[in-house]
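Order of listing sets the numbers, starting from 1, for every ligand and every atom in it. Side-chain atoms are counted along with the backbone in the values below, which use heavy atoms only and exclude waters and symmetry mates.
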Amino acid sequence: MLEQLLIFTRGGLILWTCKALVNALKGSPIDTLIRSCLLEERSGDTSYNYDAPGAAYTLKWTFHNDLGLIFVAVYQRILHLLYVDDLLSMVKHEFSQIYDPKRTAYDDFDDVFRQLQKEAEARAEEMRKSKQVARPAKQIAAKKAGSQGSAKQKSSGGSGKDGSDDDSAKDRGLENGNYSNGHEARIKGSRAADVAKSKENGSSEVGAFDVSKLQKLRSKAGKKTDTTVSKAPSKVEPKKKLTKKNRVWDDSPQESKLDFTDPVDEKGDENVAVVAADQGESMMDREEVISSESESDAEEEVEKNTKTDAKKKGWFSSMFQSIAGNAILEKSDLEPALKALKDRLMTKNVAEEIAEKLCESVAASLEGKKLGSFTRISSTVQTAMEEALLRILTPRRSIDILRDVHAAKEQGKPYVVVFVGVNGVGKSTNLAKVAYWLLQHNISVMMAACDTFRSGAVEQLRTHARRLQIPIFEKGYEKDPAIVAKEAIQEATRNKSDVVLVDTAGRMQDNEPLMRALSKLIYMNNPDLVLFVGEALVGNDAVDQLSKFDQKLADLSNSPNARLIDGILLTKFDTIDDKVGAALSMVYISGAPVMFVGCGQSYTDLKKLNVKSIVKTLLK
Ligand code: GDP
C-alpha cells in the first residue's frame, strides 16, 4: 500500500497530496529526503530509505525539470511495491498536462490519481501473474526463442507513439522500473485535462507537510536529530594502508615552525623555559583564498555564473530555472559532457564514487529541460555542476564557533571540542592551531590529553600547551579516555575555562576497541563539536575513513540519537596544489561542513574554507 504521493515545486510549494491515503506519515520522510538526498546531490539515486520510530519507508521520486516539479511516492519498505515507478511516471505525465504555474490547488487531480493508481496496480498484478505462468513455459521455450524473441525486443523498444499496448512494452516498463511508452499511449487521452475542466479550483489542503518548513530547509541550521536515516550502502574502495608521514625538517628550522619533539618535555620537566608563541595573526581571521587560484578571478567567475539568488528561487536555486528554447535535453545528450566533468573531478582527487553520484544527480536535474537555441549543453551541464558543488560545500548550519563559545559561556559551561581522526593526519598540531586562534580572540582554552593510547601523545600535546601557555589536563596513559575527558571538563568548569580541546587517540576506522572507546567518550561527555581531522591528500580513502567513522559512531553508541561528526578540519592543504577533491568528498559523504583548513606548520596556518575558490579549482 502506498503511504503518500506528493507533488511540489522546486521552490517548495506543495501542489497536491493524495488525501485518500489517510495514514499520517511517521517522522518527516519528505523533509529528510529533501535535506539528505535531493539537496545533497543524490537525486541520481533510485530510491531513499527513511527510518523513524515505528516506520521504515522507501521513497521514490521523479522530476519534471522543464516545469520544475517534483513527484515523490512514499511506501512501507517491507512491501516492495513494484508499480511505484510506473505510477510516478503516469502521475508526472498526467499532472504536467494540467499544471499551470498560477494555480495552487489541484483537487481535481484526486480522481485522476485514483484511476492511475488502479491501473498501475492492475498492471503490476498482471505482470506478476504472467511471470508466474511464463516462467516454466519460458524454460521450455528458451531454446526456440529465435525470431520471436527479437520481434518482442523490437516492439518493446519502439517509440510506442502508435498507441500500441502490447504486453512486451508493459513488461519492459515494469521491469526497468520505468514508465514505458506503451503506458504513455494508454493514457494518451489525457484524462487529467478533462477532469481539470470539469472541476475548477478548490482550497489547497497540504496535509501533514509544512510548506514554509520545506522552503526554510535550505537555510535551516539542523543537525541529524530524532531520526536515523539509512542510506543505500555505498560501495567502498579497497582500503589503502595509512602510514604516518615523516616530517621534513628544514636545514635551518625557524622558530615559527611547530616543534614536535621536546626532549625536556618528554622527561616531564615542568621548569622548562617556555617559548612564547606569538607568531602573528591566525589566518582564520583573514579572508583568503585556499587554492592556488587568484582570488578575484575565482570569485568573480563563480559569482557571475551563480548570480541568481538561491534564497529568492527556493532551495534548488537557479539550476532549475527554465531555459527558453525548444530542444529538450535527453540523457544521451548530457552523457559526453558529464563524462568529461566526472574525469575532471577525479583528476582533482574527488573520490570516484562521489564524482559518479554527482554526475547522476546533475543528469537527473537536467533531463527533460528545454535548452535555449544558443545554449551549449556543456555550459548548461557545467553551470549545473558548479551550483551543485556550491550547494554541497556551503555549510547548512552555523559554523561560527566564536559565537557558540560565547553562548556556552553565558550558560556557565565550557565549550567542548573533541578532535578525532586517524593517526598522523595532524590532529594534535591542528588542535594547537585552533587553540592559538581562540587565544587571539581572548578566549581561555584548556587542552585535555585523552590520547591515553599512543606513547608520546601526551608529551606532544604538553609541548604545544607550554608554547601557547595554556593549561593542559592530563592523566598519563592507559586510563579510560572518556573519564579523563569528563574530569577535564569538570576542571574547566571550576577554572572557568571557556573552551576544552580534547585530543583523542588516532584510530583506524576499522579498529573496533578504539572506536568503541571514542564512542563512549563522546556519549559520556556530549561535546559541543565533534571535529573530524582528515588529510587533504586522500582520494578515495576519504570516503572510507569518514563513512566508517560515522557508521561506527552510530553503531557503537548506546543512545538512539547517536552523535556523529559535526565538522571537518582538513589538514595539509598547503601540500596538494589543485587536488582539492578531498574537501568535496568528505563533505559529501558526511554532510558535515569544513570548519577549518590546516595549511602549514605554523600556529597561524589555519584558515577557513573558501568555497567559491574550491569550486572554481574543481572545475578548472
Ligand atoms: P597526529 O598524529 O594526528 O596528532 O599528527 P601530528 O599533529 O603529529 O602531525 C603529523 C605531521 O603532519 C607533523 O609532521 C605535522 O607537522 C604535519 N602537519 C600537520 N598539519 C599540517 C599542515 O596543515 N600542513 C603541513 N604541511 N603539515 C602538517
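If you check each of Gly426, Gly600, Gly598, Gly424 against atom 21 (C) of ligand 1, the one with the closest non-hydrogen atom is Gly600.
In summary, the atoms of ligand 1 found under 4.0 Å from a heavy atom of Lys427, numbered by their order in the structure, are 1 (P), 3 (O), 4 (O), 5 (O), 7 (O). Per-residue contacts place Asp574 under 4.0 angstrom from the following atoms of ligand 1 (heavy atoms of the residue considered): 22 (C), 23 (O), 24 (N), 25 (C), 26 (N).
In this structure, Cys599 is part of the shell of residues with a heavy atom less than 4.0 angstrom from ligand 1. Residue contact annotation: Thr575 has a non-hydrogen atom under 4.0 Å from ligand 1.
Shown here is Lys409, whose NZ atom has no more than 12 heavy atoms of other residues, nucleotides or ligands within 6.0 Å.
Annotation: Lys433 places an N or O atom under 3.5 Å from an N or O atom of ligand 1; distance criterion only. Polar contact check, Asn430 against ligand 1: a nitrogen or oxygen pair lies under 3.5 Å apart. Residue Phe573 has no nitrogen or oxygen atom sitting less than 3.5 Å from a nitrogen or oxygen atom of ligand 1, judged on distance alone.
Of the residues listed (Val499, Ile443, Val417, Leu529), the one engaging Ile401 in a side chain to side chain contact (heavy atoms under 4.5 Å, CB included) is Leu529, and it is the only one.
A salt bridge between Lys357 and Glu41 is absent, with no side-chain N of the basic residue lying under 4.0 Å from a carboxylate O of the acidic one. We find that Arg42 and Asp45 are not joined by a salt bridge, their nearest charged nitrogen and carboxylate oxygen being 4.0 Å or further apart. We find that Lys413 and Asp528 are not joined by a salt bridge, their nearest charged nitrogen and carboxylate oxygen being 4.0 Å or further apart.
In this pair, Tyr436 and Tyr603 present their aromatic rings parallel. The plane angle is below 30°, not in the 30 to 60° band.
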Quiz item: Given Glu512 and Lys552, is the side chain to side chain contact (heavy atoms under 4.5 Å, CB included) satisfied, shown in steps?
Solution: CA-CA 8 Å; Glu512 180 99 5; Lys552 276 267 167 0; 3.3 Å; yes

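Contact annotation for Gln601 and ligand 1: only side-chain heavy atoms (C-beta onward) come within less than 4.0 Å of the ligand.
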